[in-house]
Structure formats: structure tokens, C-alpha cells
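In what follows, a single structure is set out as C-alpha cells and then discussed.
Counting starts at 1 for both ligands and their atoms, in listed order. Position 1 is the first residue of the sequence; numbering continues from there.
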Amino acid sequence: MSGGPGNDTIVAPATAPGRSAIAVVRIDGADAVSIVEALAKREFEPRRATHTVLGDGDASIDDAVVVVYRAPSSYTGNDLVEISLHGSAYLVGQLLGAVRRRGARLADPGEFTERAVLNGKLDLVQAESIVDLVDARTGLQARLSLRNLTGELSRAGESMRASLLDMISRLEAALDFADEGYEFIGHDEAETALETLLKEVRGTAATWARGHAIQTGLTAVILGLPNAGKSTLLNFLCGTERAIVTPLPGTTRDLLRETVDLGGLPVTFVDTAGLRETGDAIEEIGVGRARDAAAGADLILYLIDATRGMTDDDRMEIARLRDPIVIFTKGDLAPGGEDAISVLSGSGLERLLGRLDEEVRARFAMAEEAPTVVNERQRAAFEACAEALEAALASVGGGAGEEIIVVDLRRAANALGSLTGAISTDDVLREIFGRFCIGK
Ligand SMILES: Nc1nc2c(ncn2[C@@H]2O[C@H](COP(=O)(O)OP(=O)(O)O)[C@@H](O)[C@H]2O)c(=O)[nH]1
Ligand SMILES: [Mg+2]
């Protein structure tokens, strides 16, 4: 077998297992092309989709389409072959077996993309955005992931790093010529430049709240007294009879969750047991869970039956909650219930959805243009950079020498370098690619 680490020959299905019109199998590495040529008993012109029969010795496997990519012009940067065959799990298994008997091994999760990173085809932020794109469930998630795949966040980080490296080289030049009394960057200039940069770095780190919300979704808990119409609203929001609805108070006891796309974010609505003192042990556990869910929620919808109006119990509950959105229900039964919704008559529902949509956008949706941080690793890079910049600014303010300032600036630059993987460790790579599925 030829090929060293990162270029030995690996194979995996790139499509989900099961029955489909087409399944795609990828082979990457030193022997990828010779293996597919052996199976097809012919040669292939790079980048030309070629219809051919593949076989294993005398036994035919399938009628397939083969595309050969020659290094370095491939997803991984290695020789890479993509085979589209009929989407039968049996055929995929036959092909994998034939390829492995010719010396390829089954790829690890994310190994194709890891190779792309090692060969400089993608940086770490781009590799992460590929998993996010595969996982995208809403338009906003897909757009954000695509922006990071095309390098928006990486470019922002790299440009901040470049200005740091520039400042470092000027400070170091000043050190080299200290005796001659040259100054390559003035004190005030350095201070202003660092302050501007710090603001930019902090601002980018702060996009995490929104970026993270977009990627992981939000939780909205529906609270209220028994019979307020919570389960009815959940059923309306998710469009199915998910929760049991009865006129009996205390029907819902456990938490019920349903995820809906709202303002481009996946919002998981949680229906809860009505808040009340109760002698029923199970219901009491349910009420406890409702309060816990509210404590961890991104949004709280507090429902009040308009025919009863706001009671002292409601006031007490609302006072305990963080920014609840108060919604009156059963507008069809209540005289003067214009502001109330009615799931029965449909009135007020459009308005409610609009309000929730706005609320989600205002609290969590991003400014579409800003480079956005979407995970903890990326946030940590910007925060570590900000922290080092603060130390550097303190040194500048305290009149410290260039050699002291440069140490903090290097730390700041390295933190940004870890964002894209310009500076990275095996641990970081393992952590990132562990999230991938096999074949990516
Ligand atoms: N007329 C009318 N009845 C409603 C409306 N929403 C809920 N209800 C009724 O109020 C009762 C309690 O509803 P439910 O959703 O189970 O309340 P929960 O205890 O808060 O979950 C049920 O009989 C529902 O049919 C509404 O908009 N109009
Ligand atoms: Mg209920």
C-alpha cells in the first residue's frame, strides 16, 4: 500500500444509509484512482463524469457514474474518486468490500474534511461550517453556515491577526534599533490602534449569543394557570394534536416539546403543567418541572384565560419571571377580548405569530452582515485575544517597554491563529472532526 498518513487510501459512503435513488461512495488517497480503474477495467479522464460498469473480478457490481479528481484539485487535496451508484445498501456494501479488498480502509468520521484542512483546502472555521450546513434545519442556519463556509468569519479573524502582526513587527523593529532612538510606532498610535482592535474583537465575540442561538435553536416555555389554553396553543403552533386538551384542569403533567421554525430559528415550544398548588403528587412534580423549564428558557409565554382576566395568582407568577410575553387566550368567549387570541376562532393568531417572530428576531437574530461566531471554540479564540489585548493596553498605559507589550500581542495573535487553525493542535482537530459523520 502506498501513501503516508493523510494520503493512505480511505473509502466511505458519502450518502445516508438506506434506500435512495443514488448513493455516493468516496475513495481518497494514493491508490484511489488505481482502485477504481481496476474495478472498471479502464482509465478515467479527470473531472469527467463517466458512465461505466464496475465489477469485482468476474462479478459485476453496478452500473455507475465515476468522477476522478486529481490532486491537488479535489475536495481533500488528494486524488479523490466519487462513485454514484444505485442507492441500495446491498450494492454500497458490495462496492465498499471490493475497494477495501484492494487495500483501502474505511474512513474515520470527518476524515475527508480533515484531509482538506491538513492540505490547506479549508480552514477550521470552514470545516466546522460544513457540519453546520449538513445539520441546518432553517434558512437562517443554512445562510449563516454558508457565509462561514465561504470564509466570512475567517477573513475577519485573519485581518485582525494581520494588523496585530504588523504592530508586533513595528514594535520589534523599534527594539532592534533602540540605541539609535528610532520609533516605529508612537505611543498614542499604538494605544488607539489597540483600543480599536479590542472593540472589534469584543464585538465579534459578542455575536456568539446570536450565532449560537441560530445554530442550536431556542426554547420557549408556555406557562400559565391550569386551563389557560397552553396545550391548545402548543397544538396550534406545531400543527398537530400533540398535547391532550380537556376542560379538566391538571390535564398536562409532564413537559411536551415540539420544534417549529420561527424567524428562521428552530424554536422548541415546551407545554407545561398549569401552575397551581395541588395535592396530586404527579401534578406537583409537573409543576416543579414547569418552573425549572422556565428558569432555563430563552423565551417565556405566559397565558391568561381572558374570561377570567388577570388574577392575583397570575400577577405573582409573572413577577417571578424573566421578560415574559403575556398572552390572553379564549378571545371568542371573552367580551372585549380584542387583544386576546382564540385558537377556536383563529382570531389574533396571525398577530401572535408576527409578535413571536419579531421577538425572536429582536432578541436573537443577527445583523445579517456581521461576521458571526457560532460555537464555543470560536468564541474562546476571540475572548482569549481580547484578554491579551487588554493586558497589552494596560502595559502601554503603564509605559512598559516594547518587549513586554510584544509578549501580550503575540498571545493575542496566536489566539486568533487558533480560530482558523493557522495555529492548531491534534486535540483541537480531534474535537472538531469527532462531530462529523463518516463520509464527510
Ligand atoms: N372557546 C375556546 N376554548 C379554548 C380556547 N383555547 C383553549 N380552550 C379550551 O380551554 C380548555 C383548556 O385548554 P387546555 O389547552 O387544555 O389548557 P391548559 O390546561 O392550559 O393546557 C379546553 O377545554 C380547551 O378546549 C379558545 O381559544 N377558545
Ligand atoms: Mg395542558
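In terms of protein heavy-atom proximity, atom 8 (N) of ligand 1 is closest to K330 CE, 3.8 Å. Atom 25 (O) of ligand 1 has its closest protein heavy atom at V245 CG1, 3.7 Å. Counting only heavy atoms of the protein, atom 19 (O) of ligand 1 lies nearest to N227 N, 2.9 Å. Here the protein heavy atom with the shortest distance to atom 22 (C) of ligand 1 is T246 O, 3.5 Å.
Of all atoms in ligand 1, numbered sequentially from 1 with element shown, those under 4.0 Å from a heavy atom of L333 are 1 (N). Against a heavy-atom cut-off of under 4.0 Å, D332 is close to the following atoms of ligand 1: 1 (N), 2 (C), 26 (C), 27 (O), 28 (N). Which parts of ligand 1 touch T232 is read off a 4.0 Å heavy-atom cut-off, strictly below it: atoms 6 (N), 7 (C), 13 (O), 14 (P), 15 (O), 24 (C).
Within the 4.0 Å heavy-atom shell around ligand 1 one does not find T329. Using a 4.0 Å cutoff on heavy atoms, T251 does not count as a contact of ligand 1.
D314 approaches G309 most closely through the heavy-atom pair OD2-O, 3.7 Å.
At a threshold of 4.0 Å, the pair D254-R289 counts as salt-bridged, since one of the basic side-chain nitrogens sits closer than that to a carboxylate oxygen. Salt-bridge formation is detected for the pair R105/D8: a Lys NZ or Arg NE/NH1/NH2 atom is positioned less than 4.0 Å from an Asp or Glu carboxylate oxygen. Residues E158 and R155 are not paired through a salt bridge, judged by the lack of any N-O separation under 4.0 Å between the basic side chain and the carboxylate. Salt-bridge annotation for R26 and E111: absent, with no side-chain N of the basic residue lying under 4.0 Å from a carboxylate O of the acidic one.
For a threshold of 3.5 Å applied to N or O pairs, the pair formed by A228 and ligand 1 contains at least one separation below that value. Residue V343 has at least one nitrogen or oxygen atom sitting less than 3.5 Å from a nitrogen or oxygen atom of ligand 1, judged on distance alone. For ligand 1, one of its N or O atoms has an N or O atom of G229 under 3.5 Å away. Checked by distance only, ligand 1 and D271 stay at 3.5 Å or farther apart across all their nitrogen or oxygen atoms.
Interatomic distance, E195 CD to L393 CG, rounded to the nearest 0.5 Å: 5.5 Å. The CD atom of E82 sits 5.0 Å away from atom OH of Y69, with the distance rounded to the nearest 0.5 Å. Note that the OG1 atom of T204 and the CZ atom of F382 stand 5.0 Å from one another [nearest 0.5 Å].
Among the atoms of N227, no N, O or S atom is found under 2.8 Å from the Mg ion (ligand 2). Contact annotation: T252 places an N, O or S atom under 2.8 Å from the Mg ion (ligand 2).
Under a 3.5 Å cut-off, the side chain of R351 and the backbone N or O of I341 do not form any donor-acceptor pair.
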Begin from the C-alpha positions of R242 and D271 and carry the test salt bridge (charged side-chain N to carboxylate O under 4.0 Å, His left out) through to its verdict. CA-CA 10 Å; R242 176 75 172 81; D271 182 23; over 6 Å; no
